[in-house]
Amino acid sequence: MTSRAVTVGFDLDMTLIDSRPGIRATYLALSAETGTYIDADLAVTRLGPPLEVELAHWFPEEALEEVAVRYRELYTHHAIEPTLAMPGAREAVDAVRRAGGTAIVVTAKHEPSAKLHLEHLGIAPDAVIGGLWAEAKAEALVEYGAGVYVGDHRGDVRGARAAGALSVAVPTGPCDAEELRAEGADVVLEDLTAFPAWLEAYAAGR
């Protein structure tokens with residue numbers, strides 16, 4: 001299997017983890033502290049893009065940098081504990097290792113926060129790269145030689161394609177299966193519970 005081993009990249013939010021409860025709690029805390037209304041329930045329906053994209057819906061441009069710093073400070077207190085692993089997340093990462101491959105996480109999330117989530121949930125990829133969104137994810141995917149990238153958002157599909165990697169999509173986030181296929185996903189799985197069997201078949205056929 002070693003000769004057929006593959007490096008697999010995974011997105012984080014709504015691919016490996018369901019961070020909606022923690023993100024919602026953080027937005028509510030930020031709203032209470034700043035006195036600025038934030039529809040936290042709406043915000044968690046559009047996870048994927050960088051934090052500043054969402055904050056721009058609620059704060060003026062000149063405040064975004066300062067508010068983003070404060071959000072990330074609040075995040076460590078409000079978001080880690082309530083966040084859950086997505087069904088099949090640990091098994092998906094483990095399946096890459098069983099196939100002799102390397103598992104990395106490439107996410108738009110602030111890298112220290114991403115690492116806190118994974119440590120808390122006992123998901124242990126070989127590397128975690130944060131702060132990359134959509135096509136920019138290709139930087140890390142190419143650097144680590146990823147042949148497959150797994151994500152839940154149209155931006156993840158674009159990142160995989162920009163890196164020349166196979167795009168495996170799961171409609172467990174804001175984008176449904178039809179949207180992911182229309183964006184160019186090579187494979188759409190129902191969720192990560194289907195990933196180990198898919199990976200086994202893919203590795204056998206490489």
Side-chain angles (χ1 to χ4, degrees), residues 8-27 38-57 71 75 79-80 82-93 96 103-111 113-118 120-121 123 125 128-138 140-141 146 148-163 165-196 198-199:
V8 177
F10 292 92
D11 176 51
L12 187 64
D13 289 291
M14 303 313 298
T15 298
L16 288 176
I17 67 172
D18 184 352
S19 51
R20 290 173 298 182
I23 290 175
R24 181 181 183 276
T26 305
Y27 277 126
I38 300 172
D39 187 338
D41 292 317
L42 174 60
V44 298
T45 68
R46 47 194 187 197
L47 301 182
L51 168 64
E52 289 79 4
V53 173
E54 182 61 42
L55 291 177
H57 291 288
Y71 173 95
Y75 193 94
I80 306 304
T83 292
L84 304 172
M86 294 293 283
R90 294 183 185 88
E91 294 82 357
V93 172
V96 177
I104 65 173
V105 170
V106 183
T107 175
K109 189 179 288 296
H110 187 50
E111 190 172 304
S113 298
K115 290 178 176 178
L116 285 175
H117 277 303
L118 293 164
H120 177 72
L121 293 170
I123 301 172
V128 180
I129 305 95
L132 298 176
W133 161 240
E135 288 83 355
K137 292 188 173 190
L141 296 174
V148 176
Y149 185 61
V150 186
D152 66 278
H153 198 283
R154 294 188 305 273
D156 298 324
V157 177
R158 298 200 304 272
R161 293 175 69 83
L166 193 77
S167 171
V168 176
V170 286
T172 50
C175 302
D176 63 26
E178 185 177 343
E179 289 178 271
L180 295 165
R181 289 191 185 97
E183 195 64 47
D186 297 296
V187 177
V188 179
L189 304 175
E190 184 175 347
D191 59 28
L192 283 183
T193 63
F195 181 79
W198 175 84
L199 181 64

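In this chain, numbering begins with 1 at the start of the sequence shown.
Side-chain contact check for R20 versus L47: some heavy-atom pair is nearer than 4.5 Å. A heavy-atom distance below 4.5 Å is found between the side chains of Y75 and S19. Inter-residue side-chain proximity for E190 and V170 is flagged as unmet; no heavy-atom pair is nearer than 4.5 Å.
Once rounded to the nearest 0.5 Å, the distance linking CG of L116 with CD1 of I80 reads 5.0 Å. For the atom pair CG of L118 and CZ of F10, the computed distance is 11.0 Å after rounding to the nearest 0.5 Å. With rounding to the nearest 0.5 angstrom, the CD1 atom of I129 is 8.5 Å from the NZ atom of K115. Considering CD of E54 and OH of Y71, their distance stands at 9.0 Å, rounded to 0.5 Å. Considering OH of Y149 and CG of L166, their distance stands at 13.5 Å, rounded to 0.5 Å. Here the CE-OG1 distance, from M86 to T193, works out to 10.5 Å after rounding to the nearest 0.5 Å.
Closest of all the heavy-atom pairs between A43 and Y27 is CB-CE1, 3.7 Å. In terms of heavy atoms, P87 sits closest to L192 at O-CB, 3.5 Å. Summarising the geometry of L132 relative to A140, their closest heavy-atom pair is CD1-CB, 3.7 Å, with the distance given to 0.1 Å. Across all their heavy atoms, P125 and V105 have their closest contact at CG-CG2, 3.8 Å. Closest of all the heavy-atom pairs between G48 and A108 is O-CB, 3.6 Å.
Residues forming a side chain to side chain contact (heavy atoms under 4.5 Å, CB included) with P21 (at least two apart in sequence, or on another chain): D18, P82. Judged as a side chain to side chain contact (heavy atoms under 4.5 Å, CB included), and not counting sequence neighbours, the contacts of A114 are L12, T107, K109, V128. Not a single salt bridge (Lys or Arg N to Asp or Glu O under 4.0 Å) links R90 to another residue, sequence neighbours left out. Partners of K137 by salt bridge (Lys or Arg N to Asp or Glu O under 4.0 Å), not counting sequence neighbours, listed by chain and number: D11, D156. Here D39 pairs with nothing under the side-chain hydrogen bond (donor to acceptor under 3.5 Å, both in side chains) rule; sequence neighbours left out.
Judged by distance alone, the side chains of D152 and T172 never bring a donor and an acceptor atom under 3.5 Å apart.
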From CA spacing to verdict: side chain to side chain contact (heavy atoms under 4.5 Å, CB included), I23, D13: CA-CA 10 Å; I23 290 175; D13 289 291; 4.0 Å; yes

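No option in V148, V93, V168, I104 other than V148 meets the side-chain contact (heavy atoms from CB on, under 4.5 Å) test with V8.
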Using residues 174-187 as the side-chain source, report each donor-acceptor pair under 3.5 Å to any protein atom, sequence neighbours left out, with the distance given to one decimal.
residue : atom : partner : partner atom : Å
D176    : OD1  : E178    : N            : 3.2
D176    : OD1  : E179    : N            : 2.8
E179    : OE1  : D176    : N            : 3.0
E179    : OE2  : R154    : NH1          : 2.7
D186    : OD2  : S167    : N            : 2.8

